[in-house]
Amino acid sequence: YQTRRKTIHKRSESTIKTNQSSDGCLLGRTSGISITDCDRRIKANQFPLTERMKNMEVSGQNINLRQRDNWVAVIGSRNANHQELEFTKQFAGYLVEKGNIVVSGLASGIDAAAHEGALNAGGTTIAIVNTPRNQPIYPKQNRALADRIQKQGCIIHPYTSKAIETEKGMSHFSKRLIERDVLLARVCPKIVVIKHAEGLIEGGTRYGTHFGKHYGQDVMRIDCQANLFRNPETASAEIWWEMEMDIEGMVQKLETIVQ
């Protein structure tokens, strides 16, 4: 696999130097992050819901959820091309061989390829989903993959009740997908977007990158030639609704949960 031998190019979309440590973990921290109004609301935990979601369930293997230094989120488009999907599998395999745990959202496209690549390499992978444990995994085509993840990793279910599908505009189910992305950004110290072409990080992926920067995580884009770009430009990612999930409450729960 050529990526293992190839030196990651010292190019950056924000002129920040990129390095790789001897243990295979991606290094560095972002700084100078602009915090928008919705970021401040999340930081201050000032959404006015009286009962915010603080409980979660975990299915799968007994994994130490307190130790997250080696968690690497691998995310990207649901509509990725064949080259990006194949590279994602190889890259995820490389990460777990270096002792990392691959984290993603079990969506179609890059997410599924990241989980599959980690599993195929005999590593551990964690999925953070928007469905409760007693509801079938979404999307349905990834349910067999979810079974594999539970045998070699675990699935984090931040919600314990089914979404209500009676709202106009953005559905409750869709809002939970985005809140799931915010949680992923909060708990993963390294976030890598698989995207070969230059340009804005858009779609659902933008929530992971935007809030990753907000939380001070390492946020990077990698292309299919293994060129790594720090702090990629991201489209606007605002949350205008009252968040159902208590992000910091969820993090605290990870510190105490026993499977």
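No experiment lies behind these values; they were computed from the predicted model shown. Both backbone and side-chain heavy atoms feed into the values below; hydrogens, waters and symmetry mates do not.
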### Message
For a side chain to side chain contact (heavy atoms under 4.5 Å, CB included) check, start with the C-alpha distance between Ile247 and Met243, then their side-chain angles and the critical distance, and finish with the verdict.
### Response
CA-CA 9 Å; Ile247 298 296; Met243 281 187 68; 3.8 Å; yes
### Query
Got a donor-acceptor contact below 3.5 angstrom from the Asp111 side chain to the Ser104 backbone?
no
### Summary
Rounded to the nearest 0.5 angstrom, the CG-CD1 distance for Asn70 and Ile101 is 4.5 Å
### Query
What is the minimum heavy-atom distance between Asp69 and Pro189, and which atoms define it?
O-CG, 3.8 Å
### Query
Does the distance from a Lys or Arg side-chain N to an Asp or Glu carboxylate O, for Glu255 and Arg68, drop under 4.0 Å?
yes
### Task
Check whether any side-chain heavy atom of Ser108 lies under 4.5 Å from a side-chain heavy atom of Pro139, and answer yes or no.
yes
### Query
Taking side chain as C-beta onward, heavy atoms only, is Arg148 less than 4.5 Å from Glu116?
yes
### Task
Quick one: pull up CE in Met170 and CD1 in Ile239 and give me the separation to the nearest 0.5 Å.
9.5 Å
### Query
So do the side chains of Ile126 and Trp71 get within less than 4.5 Å of each other, counting heavy atoms only?
yes
### Task
Would you check if Glu84 and Asn81 make a side-chain contact, meaning some heavy-atom pair closer than 4.5 Å?
yes
### Query
Can you name the closest pair of heavy atoms from Asn130 and Tyr159 and give their distance?
O-CD1, 3.7 Å
### Query
Does Val96 share a hydrophobic cluster with Leu85, counting links as ILVMFWY side-chain heavy atoms below 4.5 Å and allowing steps through other members?
yes
### Message
Could you check whether Lys89 pairs with Glu86 (Lys NZ or Arg NE/NH1/NH2 to Asp/Glu carboxylate O, under 4.0 Å)?
### Response
yes
#### Entry: Shortest non-hydrogen contact from His196 toward Cys224
ND1-N, 3.0 Å
### Other ILVMFWY residues reachable from Tyr138 by side-chain steps of under 4.5 Å
Phe173, Leu177
### Task
Report the C-alpha distance between Ser161 and Asn134 in whole Å, list the side-chain angles of each, state the deciding distance to 0.1 Å, and finish with yes or no for side chain to side chain contact (heavy atoms under 4.5 Å, CB included).
CA-CA 8 Å; Ser161 62; Asn134 63 354; over 6 Å; no
#### Entry: For Ile137 against Ala146, the heavy-atom pair lying closest together
CG1-CB, 3.8 Å
### Message
If hydrophobic clusters are built from ILVMFWY residues whose side chains come within less than 4.5 Å, do Ile149 and Leu95 share one?
### Response
no
## Note on the structure
Residues Leu183 and Pro158: closest non-hydrogen pair is CD2-CG, 3.8 Å
### Query
Is Asn142 reaching over with its side chain to a backbone N or O of Leu106, donor-acceptor style, under 3.5 angstrom?
yes
### Query
Quick one: do Leu200 and Val219 end up in the same hydrophobic cluster if we chain Ile, Leu, Val, Met, Phe, Trp and Tyr together by side-chain heavy atoms under 4.5 Å apart?
no
### Task
Could you tell me whether the side chain of Glu179 and the main chain of Met245 form a donor-acceptor pair under 3.5 Å?
yes
### Query
So how far is it from Gln150 CD to Ser59 OG, rounded to the nearest 0.5 Å?
4.0 Å
### Side-chain (His157) to main-chain (Met56) donor-acceptor, under 3.5 angstrom
no
### Query
Quick one: does Asp181's side chain have a donor or acceptor within less than 3.5 Å of a partner on Gly208's backbone?
no
### Query
Which class fits the ring pair Phe211 and His214: parallel under 30°, tilted 30 to 60°, perpendicular over 60°?
perpendicular
### Query
Does the side chain of Asp223 come within less than 4.5 Å of Arg221's, by heavy atoms?
yes
### Salt bridge Arg176-Glu244, side-chain N to carboxylate O under 4.0 Å
yes
### Message
If we ignore hydrogens and angles and just use 3.5 Å, is the side chain of Lys213 paired with the main-chain N or O of Pro232 as donor and acceptor?
### Response
yes
### Query
Can you check whether Val187 reaches Leu254 side chain to side chain, under 4.5 Å on heavy atoms?
yes
### Task
Would you give the length of the straight line joining atom CD of Glu233 to atom OG1 of Thr209, rounded to the nearest 0.5 angstrom?
10.5 Å
### Task
Report the C-alpha distance between Trp241 and Ile178 in whole Å, list the side-chain angles of each, state the deciding distance to 0.1 Å, and finish with yes or no for side chain to side chain contact (heavy atoms under 4.5 Å, CB included).
CA-CA 11 Å; Trp241 61 90; Ile178 293 171; 3.8 Å; yes
### Query
Any side-chain heavy-atom pair from Ile201 and Lys195 closer than 4.5 angstrom?
yes
### Task
Output every pair passing ring-ring contact (aromatic ring centres under 6.0 Å, His included) with a member in residues 103-125, not counting sequence neighbours, ordered by first then second residue.
none
### Ile155 side chain reached by Val58 side chain, heavy atoms, under 4.5 Å
no
### Query
Would a hydrophobic clustering, with Ile, Leu, Val, Met, Phe, Trp and Tyr connected at side-chain separations under 4.5 Å, put Leu184 with Val129?
no
#### Entry: Whether Thr125 side chain and Val102 backbone form a donor-acceptor pair below 3.5 Å
yes
### Query
Can Thr160 and Glu57 be said to form a side chain to side chain contact (heavy atoms under 4.5 Å, CB included), step by step?
CA-CA 7 Å; Thr160 56; Glu57 294 182 321; 4.1 Å; yes
### Query
What pair of heavy atoms forms the shortest contact from Gly212 to Ala185, and how long is it?
N-CB, 3.5 Å
### Task
Look only at the side chain of Arg206 and the backbone of Thr234, and say whether a donor-acceptor pair between them is shorter than 3.5 Å.
no
### Query
Can you tell me how far CG of Asn120 sits from CD of Gln152, rounded to the nearest 0.5 angstrom?
8.5 Å
### Query
Sub-3.5 Å donor-acceptor pair from the side chain of Gln217 to the main-chain atoms of Arg186, do we have one?
yes
### Message
Keeping Thr88 on the side-chain end and Ala114 on the backbone end, is there a donor-acceptor pair under 3.5 Å?
### Response
no
### Query
To the nearest 0.5 Å, how far apart are SG in Cys188 and CD1 in Ile128?
5.5 Å
### Message
Are Ile75 and Leu119 linked, directly or through intermediate hydrophobic residues, by side-chain heavy-atom contacts shorter than 4.5 Å (ILVMFWY only)?
### Response
no
